[in-house]
Amino acid sequence: MATEIPKQYDPAAAQSKWAVYWDEQGVFASSPNANKKPYTIVIPPPNVTGALHLGHALDDTLQDILIRHKRMAGFETLWVPGVDHAGIATQAVVERRLFEEEKKTRHDIGRDALVKRIWDWKEQYQERIIRQLKNIGCSCDWSRTRFTLDPQCAKAVRHFFYKLFAENLVYRGKRLVNWDTFLQTAVSDDEVFHAAVQGSFWYIKYPVVNPKPNEPTHVIVATTRPETMLGDTAVAVHPEPRKALDNIEKELFAELEKASPKDRDGIELELNALRQRRTEMLPQLEQLAAMARDRRTLSLPLTSREIPLLCDEWAKPEKGTGCVKITPAHDPNDYEVGLRQKLEMINIMNKDGTLNDNGGAYTGLTMQAARKRIVDDLDTAGLLAKVEEREIELAHSDRSKTAIEPFLNDQWFVRMTQLAQNAIDAVNPAAAAQPGEKTDKINIFPPRYTKGYVDWLSEKRDWPIGRQLWWGHRIPIWYCKDASEAELKTAFANRTDVTWRWDDEQQQWWICSEEDDLAADAVKGHKIVQEEDVLDTWFSSALWPLSTLGWPNETPDLQYYYPTSVLVTSRDIITLWVARMVIAGLFNKGVKPFSEVFIHPKILDKYGEGMSKSKGNGVDPLSVVLKYGADALRFSLAFLTTENQDVRLPVDFECPHCQAVIELTKKNRTLPSMECPKCKKKFRTQLAEKPDDKALPEAAVVGERFEVARNFCNKLWNASRFVLMSLGETDEQYDDGIRDTSTLLLEDKWILSRLATVTQQVTDGINSYRFSEVARAIYDFAWDDYCSFYVEMVKYRLGNAELRTTAERVLLFVLDNILRLLHPITPFLTEEVWHRLGEVRPKRGLREQVAASECIALAAWPIADKNAVDVEIEQRFAVFQQVLRAVREIRASRNVPPKTDINFAVKCDDVTKKLLEPMSPYFRSMAGANAAGFGQDVAVPTLASMLPLDGMEVIVDLSGLIDVDAERNKKEKEIAKLAELVKAKESKLTGSFIEKAPASVVEAERKSLESLKEQLSVSRVALEQLINTGNC
RNA sequence: GGGCGGUUAGCUCAGUUGGUUAGAGCACUAGCUCGACAAGCUAGGGGUCACAGGUUCGAGUCCCGUACCGCCCACCA
């Protein structure tokens, strides 16, 4: 029966089988259990903008490793799955698609139709995302799947907003916002990126009104955005340009003193420019400052407006012309100046990016078109002094990729001063962070990420929470113009879930309701109108640990599972998301939302770029699963997770027809289908959406790093196959045999000692998020110790009736433990083998929680047996390994045919002799070498190869096999190397090393020198013997 | 401009509090179809640990500086 086990692990079969099994058995379902400690993770909800890529797969694999480990370790584990509506991002992709496919904008189809399309999109991608998670083996409690826009989350959102409003922590005000003219919404600073574009620097002349004699007739300002001049309400000059220049010069001198010779030239250049500016421009700037104090005005070109020339320190005399135009409604810095100088703020733009009525002759043009016309008109009027070509860093919307226009708009904000401070106080300083530490504070790992979190919060910038979108949580505010407070009181008499505040600026009531049920006639005789804007996506994400557990209701879930145990995510949303969850958790519940935060590396593609949906370089984890299986994918990802900030994971396509590897390039990575250059047949990629493409066979994604893991899975599969085929029939509890140490041989004790060490390493490693170390430790143990040594040695014992029973027990015991240690990383493979073992040995012990016939996902996590750790045993075993390696090396280097047995002896002391003698059968079975003898006075054959080791000499009889010249050559090289080492060590041991280094280190070095010397003399004797042999 | 990473074998990366002759996988070379596994087995070659200085008996590891690569934040009329 056992021989039916295939030679290769079949991941697809195991995946479909066990995914269904776990689901049917309710293995991942969780509910509050007073007898167990909770261990909770909420998934960072992926955006429904698109499918998951390998970056998500890493995030989710790590969480699953933690969850599966804790589940086995006896915790009541809950992993809450879900997806995020991702307001702007999702609306943007749907809008973009609408435009590409139907050339329509959202205004063409209207709010309801657009929202319906987005819901369709959401359903499609949520389904796909959940399928991806399931297929890579995530052990979430699927019955609890949440969506940030579902009724429960909506309730939490309204409650949060209400609480903030009631405590006067939200306000509405005119603010300069980043306006996305494509999406027609404000976006936060965090949703803006800067990119260099080719632009120009225009110098424009503003005529002075009624210039006096000796006064300049024009003031020249430089700008990259001439069209905004229509909104200018002043031109500023520095009040004390001389003093300002003096200060800068002073600073430069100070810098020059400290500067390295290399930097000096640059500073000198700056100084020169400054001096030149002083002579050429300072007199005029001082004159202008004087004019400004004199309240002189300028005539704003192309308009009939007069604007003041004024003094403000924002005008830097060292930059541009030293004068700067002030456009408060369209520039963040000018806005500040405008507030300071109480300037009029003239908004010249409509929400769609065209000029409004304030644009005069240019009304209706886009900002772009207006720029051209304005420059032309200025030129015609002789008011364009000069134009410089130059590269400008321009703000772009992260969502629509279009240029941002600073825009004055009404906006809702959350006051951050106190909230941010609380969130700062909630984290442990980086230096104090220890995994698993019992503390009220949050620990961030790796600790270096703590700084960014604290720094960002320290700015305490108010959070703009409104978005002019249709996809999201509508702000629960209703406006009422003309009711009296008494009327409001009457209308909401018995309601504790409605509150209001008077908006002085707009002369209206703000009515905030916690329940989404305010009718238009809720206030008798008055119309109330709900705010059109929706909330920033992060507003609902901030509540994720709360809303997924039932908040604002004090549910049993919330009481049991909150705060969650750890949050696992990547570094780019530490501020946007992690910080805001902390804020929301503390504010709403008074308790941090999670105890630890683990930040894992980002996955980069072969070009070193982070994977993202918008770039199109995201690789579908299922394309990897298709080729290598989910276990291999997961193992690779765990293996990659070092403390580094990024990991590179290059992949290519594999043609499903001819298996040719097709390089994945920036060009073809966005294609839904392509043709194989080799076999000329077509195939689809993960991006296929149209029926034609979907009908094609799918290309898998291949990468070297996955092969390593796939090979490992297969290795373990085959080791298990060997064990399954070797086990005899018995009904015993194999672990009883382990506890009876009297029958254990050296190799048994050795592998049990190693197992105990590795068990501890793996347990500690998972608890402290050192995933790479964990994967490496099991990999090395399973492959090198278990397969290469233990299994090989056991082969001999299985054929020996007396030695068989213990060997079988240990063999099985260790495999059983490897499987359990590995289960969090490779769940399908281990579950498959576990059940097969269950058929042969249903009564395996060590199962506190479940019977052997049940699944490994619920089996007990191995506990390291400290008593089994035996350093001396490991050292003794290492001697055996050394000798075996030496014999093999001699065999290999002398090209002894594999079927030819050789004879060997080891010259050694009595202790070693006693150790090696029982190992004779293994030298035979593992190296084809017959032991001729061990001990002080073994006979040395006339033709022998001798290899000196630490305190021993391995002698292989090569009569009839040896090439004397080659042997001599080898020996000479060896002697030279040894002599060099001896020399180095001798000189080390004559220096002050002896006095200053700790005695134990010195002693170790002495011993090492002795050993080297001995090896050297052995080699010299061997060489001499060779020469003699060669001569006769 | 501020902050944070990185630089170790041809490639991708490990390297705990400084301590014998710096490791792994892939690739490469030679030999193996020996009953778990060719996705494998055995052996081998390959590194002045980016550069320069310092601390130390001793530095890949600690300190200072330089160069290059990358990320984040802020700003640039």
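In what follows, chains carry the letters A, B, and so on, assigned in the order in which the sequence lines appear, proteins first and then strands, with residues in each chain numbered from 1.
Within 4.0 Å (heavy atoms only), A:Ser720 reaches no atom of the nucleic acid at all. Residue-level contact check: A:Trp202 touches neither bases nor backbone, having no heavy atom under 4.0 Å from any strand. A:Arg891 comes within 4.0 angstrom of nothing in the nucleic acid, heavy atoms only. In this structure, A:Glu773 reaches neither bases nor backbone, as no heavy-atom distance under 4.0 Å exists between it and the strands shown. Using a 4.0 Å heavy-atom criterion, one finds that A:Lys451 contacts the sugar-phosphate atoms exclusively. At a threshold of 4.0 angstrom between heavy atoms, the contacts of A:Val221 with the nucleic acid are absent. In this structure, A:Cys713 reaches neither bases nor backbone, as no heavy-atom distance under 4.0 Å exists between it and the strands shown. Within 4.0 Å of A:Asn644, counting heavy atoms only, lie sugar-phosphate atoms of the nucleic acid but no base atom. Among the atoms of the strands shown, only primed sugar atoms or phosphate atoms (P, OP1, OP2) are found under 4.0 Å from some heavy atom of A:Thr642.
Residue A:Tyr779 places its side chain closer to B:rG25 than to any other of B:rG25, B:rA43, B:rG40. Nearest nucleotide to the A:Glu704 side chain, out of B:rA74, B:rC26, B:rC4: B:rC26. For A:Arg448, taking side-chain heavy atoms from C-beta onward, the closest of the listed nucleotides B:rG25, B:rU42, B:rC4 is B:rC4. Here the side chain of A:Lys899 is nearest to one of B:rU33, B:rA43, B:rA36, namely B:rU33. Residue A:Arg885 has its side chain nearest to B:rA43 when only B:rA74, B:rU42, B:rA43 are considered. For A:Arg461, the side-chain atoms get nearest to B:rA74 when compared with the rest of B:rA74, B:rC13, B:rA36.
With hydrogens and angles ignored, a donor-acceptor pair under 3.5 angstrom links the side chain of A:Arg710 to the base of B:rA39. Side-chain N/O atoms of A:Glu792 and base N/O atoms of B:rA36 include a donor-acceptor pair closer than 3.5 Å. Between the base of B:rA39 and the side chain of A:Glu707 there is no donor-acceptor pair shorter than 3.5 Å. Side-chain atoms of A:Lys7 and base atoms of B:rC37 include no donor and acceptor less than 3.5 Å apart. Between the side chain of A:Lys795 and the base of B:rA36 there is at least one donor-acceptor pair of N/O atoms closer than 3.5 Å.
Position along RNA chain B of the nearest nucleotide to A:Asp331 versus A:Arg648 favours A:Arg648 as the more 5'-ward residue. Of the two residues near RNA chain B, A:Tyr9 and A:Trp314, the one whose nearest nucleotide lies more 5' is A:Tyr9.
Note: CG (A:Asp572) to P (B:rC72) measures 8 Å, nearest angstrom. Taking atom CG on A:Asp646 and atom P on B:rU7, their separation rounds to 12 Å, with Å as the unit. When the P atom of B:rC4 is taken as reference, atom CZ of A:Arg571 falls 14 Å away, rounded to whole Å. If you take CG of A:Asp455 and P of B:rC71, they are 20 Å apart, rounded to a whole angstrom. Distance OH (A:Tyr453) to C1' (B:rC73): 17 Å, rounded to an integer number of Å. A:Asn714 places its CG atom 9 Å from the P atom of B:rA39, with the value rounded to the nearest Å. Counting to the nearest Å, the C1' atom of B:rC13 and the CG atom of A:Asp780 are 14 Å from each other. In this structure, A:Phe712 places its CZ atom 17 Å from P of B:rA24, rounding to the nearest Å.
Counting only N and O atoms by type, the side chains of A:Asn711 and A:Glu707 include no donor and acceptor under 3.5 Å apart. A:Asn714 and A:Gln8 form no side-chain donor-acceptor contact under 3.5 Å, judged by distance and modelled atom types alone. For the residue pair A:Lys325 / A:Thr327, a side-chain donor-acceptor distance below 3.5 Å is found, with atom types taken as modelled. A:Asp232 and A:Tyr206 share a side-chain donor-acceptor pair at under 3.5 Å.
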Can you tabulate the close N/O pairs, meaning under 3.5 Å, that link protein atoms to atoms of nucleotides 30-32 of chain B?
none

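Inter-residue side-chain proximity for A:Leu812 and A:Leu727 is flagged as met; some heavy-atom pair is nearer than 4.5 Å. Contact of the A:Glu388 side chain with the A:Ser200 side chain is not registered, since no non-hydrogen atoms from C-beta on lie closer than 4.5 Å.
The separation of B:rG60 from B:rG6, taken at their C1' atoms, amounts to 14 Å, rounded to a whole angstrom. Taking atom P in both B:rU21 and B:rA59, one finds a spacing of 12 Å when rounded to whole Å. Rounded to whole Å, the C1' atom of B:rA14 lies 13 Å from the corresponding atom of B:rA9. Straight-line distance between the P atoms of B:rA30 and B:rU66: roughly 49 Å, to the nearest whole Å. When the C1' atom is used for both B:rC71 and B:rC51, the distance is 23 Å, rounded to whole Å. Between B:rU17 and B:rG53, the distance separating the two P atoms is 27 Å to the nearest Å. Remark: the separation of the P atoms in B:rC11 and B:rG19 is 27 Å, to the nearest Å. Distance check on atom P: B:rC64 versus B:rG44 gives 42 Å, rounded to whole Å.
In this structure, A:Lys715 is not positioned above the aromatic face of A:Tyr779 in the sense of NZ or CZ being under 6.0 Å from the six-membered ring centre and within 45° of the axis.
Residue A:Val219 is tested with A:Thr321, A:Leu298, A:Val237 for a side-chain contact (heavy atoms from CB on, under 4.5 Å); the sole match is A:Leu298.
Checked by atom type and distance alone, the side chain of A:Arg340 never pairs as donor or acceptor with a backbone atom of A:Tyr335 at under 3.5 Å. Judged by distance alone, with hydrogens and angles left aside, the side-chain atoms of A:Asp331 form a donor-acceptor pair with the main-chain N or O of A:Asp334 at under 3.5 Å.
Salt-bridge annotation for A:Glu654 and A:Lys627: present, with a side-chain N of the basic residue lying under 4.0 Å from a carboxylate O of the acidic one. A salt bridge between A:Lys316 and A:Glu318 is absent, with no side-chain N of the basic residue lying under 4.0 Å from a carboxylate O of the acidic one.
For B:rA39, the OP1/OP2 oxygens have no side-chain nitrogen or oxygen of A:Asn718 closer than 4.0 Å. The shortest distance between the side-chain N/O atoms of A:Trp783 and the OP1/OP2 oxygens of B:rC41 is below 4.0 Å.
Stem regions annotated for RNA chain B: B:1-7 with B:67-73, B:10-13 with B:23-26, B:28-32 with B:40-44, counting only runs of 3 or more consecutive pairs of Watson-Crick or G-U type with both contacts under 3.5 Å.
Using the six-membered ring where Trp is involved, A:Phe635 and A:Phe712 have ring planes that are tilted, between 30° and 60° apart.
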